[in-house]
Amino acid sequence: MKLNAFMIAILVVLNSFSQDFSASFIMNEEDCNKYKSLYYTYLIRGAYEDARHFWLKAYDACGGTENLDNGFFVNGRICYESLRDSVYMNDSIKLKQVSDSIAWFYEQNLIVAPSPQLKLQYAGYLIETKSTNVSKIDQLLLTVDSLNVKAPARYVGLSYQYLILNHYKGASKDKKKLLEKEIFERYFILIEYAEGAIALNESELDESVKKAKLLEYDWAKGFLSKYLLAVVKDAELVEQQMQKQFNQLPKDPVLRMEKIAKHSALLEKFKVQDQSIYGKYIYASLALLPSSAGFLGIGNMELSNENTDKAIAAFLKAIELSNSSDEQDVINFQLALAYYKAKSYRKAFYAAKKVNGSNKGKALIICGNSVASTANKCGESTFGRNSNYWLANDYYCKAANLGEDAS
């Protein structure tokens, strides 16, 4: 079998020295075994240039790729990686030749012993060496989807990064709009892989391995979130995609609650608590598991959106469910604010009077403001009405004594 033009070109790069590539690839078992033994001997001794020389002779004598195995190409790659890292470090021309040769090793290795892991390693190598063969890298990274929950954490993150840095970053404005949607949807697919891997990892018996895997996939999830938040800035797209996820929430109460918690946390990272979709998630959460903290969150959201009636109802429900005096101080303070915004000054005053702890000074200001706001409506004389202002002033003084800016 004659060497084709591609193989001749590659082996010229591999060898970097003169060699007769017109020779036929005819298997010579004796020479094959001899040169394989020699290259390996030099490789384990660290004589990488000699190892390279005899590796090439073995490749020729053994009849080429089809007659060789996985270990032969793995060792060849190790040899060239060692040449790159310890021999040709300061020779840019040979470094480029060696880099191309290592890619060739991956290609041959995939012919004799294809595996998903090797495809991903090859993709990682091409990305690391800044290869411009985008279609090849994209093809190799599809392996992440074929592995699904068994995809290594590094490549879950790397595939997402590559999508953003090599497809999104240099795209036109219109193309970026389309890609942002794809990036958002891809985020949820890859998050599912990472979370599925974490679930599988629970059965790992070796605690050190289990802990290491958990850290890797937790890193991947954080990495995905970081890139998503860096790319997507369109609040309308966030609402659209999170509504889509809301419509796909599982029916099982436990699984549903887990999803709601994760999606709510993501919405908070986007800082879109004022959007209606955030309220949907919070209300859905409280329908499954009513809690004082949940109703406090609903109240804060509705208050920030100027929905004072809904905020007041939520804060009252939060107080009803709360068993903590510290939490009740927080809720009563927010309730006092809501009443005050709704111009229910008497109710604001009595809610604020119940507040202790770190918000006491601010609550005293609400007391003073509530009294002052009703001053002209209380008392039968000018003196009686003016005394209300004195009372308000007394609350301001108490607030100032607690460090608040009140006069």
Hey, could you give me each pair passing ring-ring contact (aromatic ring centres under 6.0 Å, His included) that has a residue in residues 307-341? Not counting sequence neighbours. Tyr340-Tyr345
Modelled atom types, side-chain donor and acceptor of Asp50 and Tyr39, under 3.5 Å: no
For the pair Lys398 and Asp394, find out whether any cationic side-chain nitrogen is under 4.0 Å from an anionic carboxylate oxygen. yes
Do the charged groups of Lys362 and Glu404 touch, with an N to O distance under 4.0 Å? yes
For the OG atom of Ser146 and the NZ atom of Lys119, what is their distance to the nearest 0.5 Å? 7.0 Å
Does the pair Lys317/Glu320 count as a salt bridge with the N-to-O cut at 4.0 Å? yes
Indicate every side-chain donor-acceptor pair of residues 184-192 with a distance under 3.5 Å to a residue at least two apart or in another chain.
| unit_1 | atom_1 | unit_2 | atom_2 | d |
| --- | --- | --- | --- | --- |
| Glu185 | OE2 | Lys181 | NZ | 2.9 |
| Glu185 | OE2 | Lys244 | NZ | 3.1 |
| Arg186 | NH1 | Asp145 | OD1 | 2.9 |
| Arg186 | NH1 | Asp145 | OD2 | 3.4 |
| Arg186 | NH2 | Asp145 | OD1 | 3.2 |
| Arg186 | NH2 | Asp145 | OD2 | 3.0 |
| Tyr187 | OH | Ser225 | OG | 3.2 |
| Glu192 | OE2 | Lys259 | NZ | 2.2 |

Per-pair distances, 0.1 Å, donor-acceptor, side chain in residues 264-276, under 3.5 Å, sequence neighbours excluded:
| unit_1 | atom_1 | unit_2 | atom_2 | d |
| --- | --- | --- | --- | --- |
| Ser264 | OG | Ile260 | O | 2.7 |
| Glu268 | OE2 | Tyr278 | OH | 2.6 |
| Gln275 | NE2 | Ala235 | O | 3.0 |
| Ser276 | OG | Glu239 | OE2 | 2.7 |

Going by an N to O cut-off under 4.0 Å, is there a salt bridge joining Glu180 and Lys233? no
Between CD of Glu216 and CG of Asn201, what distance do you get to the nearest 0.5 Å? 9.0 Å
d(Asp329 CG, Ser358 OG) to nearest 0.5 Å is 8.0 Å
Within this structure, what is the CD1-CG distance for the pair Ile365 and Asn359, rounded to the nearest 0.5 Å? 11.0 Å
